[in-house]
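Remarks on the structure that follows.
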Amino acid sequence: MIDFNRPHLTGNEVLYMNQAVENGHLSGNGEFSKKCQQFFQDRYGFKKCLLTTSGTDALEMCAMLCDLKPGDEVIIPSYTFVSTALAFLREGAKVVFADSMKRNPNLDAEAIEALITPRTKVIVPVHYAGVACDMDKIMEIANRHNLLVVEDAAQALDSYHRSPSTGEKRPLGGLGHLGAMSFHETKNITAGGEGGLLVVNDERFIRRAEILWEKGTNRAEFFRGAVNKYGWVDMGSSFLPAEINAAFLWAQLENLDDIQEKRKALWNKYYELLKPLADKGFFQLPDIPEYATNNAHIFYLVCRNLEERTNLIKYLKEHDIQAVFHYLSLHSSEFYRNKHDGRELPECDRYMDTLVRLPLFYDLEIEEVERICKTICNFCNHL
Ligand SMILES: *Cc1c(COP(=O)(O)O)cnc(C)c1O
């Protein structure tokens, strides 16, 4: 069986976890946490990074930092993971779902303007499959309407946006006011199963981010010697991960370039072998716009209809290949459909019915990609 995903060990994970134990500091914000956070700040130029226990937690911190009032509106794509919406909903905001683009599942920037009301406070672009949303357009709209932008960069580690107007290349997660990343075991790198990162780009949020992170206390300032005692100063929760998880993540970060290179080689092989079938119109391949780069997080196909996708997944399974669909539209979910304003989001529903993800993980072999593509070719020959 070729699994859809298998977590990859780079070799030093257990060694570093042992070191964390020997250091005698097991709770959060220890040596490994600081090394990981510094890594992101140095490599990507992010202003302030804080490790979190999950991408969901990083999104929750973003939502708390937006300081929303009941009835404030947040624009979110419907084709995304539950956490993107949940983080804002639990802050009392009204979630306004937006449709995806025809060319790829990302938020349609052209459709945002029509959703803005006097209550709109935040736009949340999700960089699906690690491919940038149209951030020039989104930031321009946000600036004009004085809105915050929170990037759900959960899938977007080591991927970039290149501005067509200025040519400037900037890492995803670093363009909005705040960003969230995930190190869940299904992402390109993992913090031992669960983990995340809050990225603060707007300096106004740094102090409060540290306080929310440390259960509403000014403990971080105390340890820096900035205040002589610490206490309860704000809202907060326990968002910081244990050192064991940071140690695991550090081993993965040390091998990030190797991981990315291997994933891209597999992704490119899929693209090359499946392009002829896409050209014949059997399905749509992943689209990387001129303003985006590829971090090889997901390789997906968009089938022509639900029936063909169902049959393709079944056919692959019969040939010992595990392929999976992805999101169910959040606006039509059991939990939200009665709260949704009734607008149809046809592109989002199309991806819900027709998108299929193929196996992609570090330890997958090029020969396995070839076998998967051959199997898909045989399937198409029977259509
Ligand atoms: C994975 C993911 C999340 C949640 O991250 P966790 O670390 O699993 O909590 C949120 N948004 C998107 C788009 C994701 O892919």
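Heavy atoms only: backbone and side chains are in, while hydrogens, waters and symmetry mates are out. For ligands, and for the atoms within them, numbers begin at 1 and follow the listed sequence. All values reported here derive from a predicted model rather than from experimental measurement.
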For [atom], find the nearest protein heavy atom and state the residue, atom name and distance (0.1 Å precision).
atom                    : answer
atom 2 (C) of ligand 1  : Lys187 NZ, 3.0 Å
atom 9 (O) of ligand 1  : Thr56 OG1, 2.5 Å
atom 11 (N) of ligand 1 : Asp152 OD2, 2.8 Å
atom 14 (C) of ligand 1 : Ala154 CB, 3.3 Å
atom 5 (O) of ligand 1  : Ser182 OG, 3.3 Å
atom 15 (O) of ligand 1 : Gln155 NE2, 2.8 Å

Query raised in the report: For ligand 1, is any non-hydrogen atom under 4.0 Å from Val126's backbone (N, CA, C, O), its side chain (CB onward), both, or neither?
Result: side chain

Query raised in the report: Distance from Leu51 atom CG to Asp57 atom CG, nearest 0.5 Å?
Result: 12.0 Å

Report task. Run the contact test for Gly195 against ligand 1 with a 4.0 Å cut-off on heavy atoms, strictly below, and give the result. Result -> yes

Report task. Say whether Tyr79 and ligand 1 are in contact under the criterion: heavy-atom distance to a ligand atom below 4.0 Å. Result -> no

Query raised in the report: So, does Asn143 use its side chain to make a donor-acceptor pair with the main chain of Met139 at under 3.5 Å?
Result: yes

**Report entry** Side-chain donor-acceptor pair present, Asn201, His177, cut-off under 3.5 Å
**Finding:** no

Query raised in the report: Less than 6.0 Å separating the ring centroids of Tyr270 and Phe299?
Result: yes

Query raised in the report: Using the benzene-type ring in the case of Trp, are the ring centres of Phe4 and Phe361 under 6.0 Å apart?
Result: no

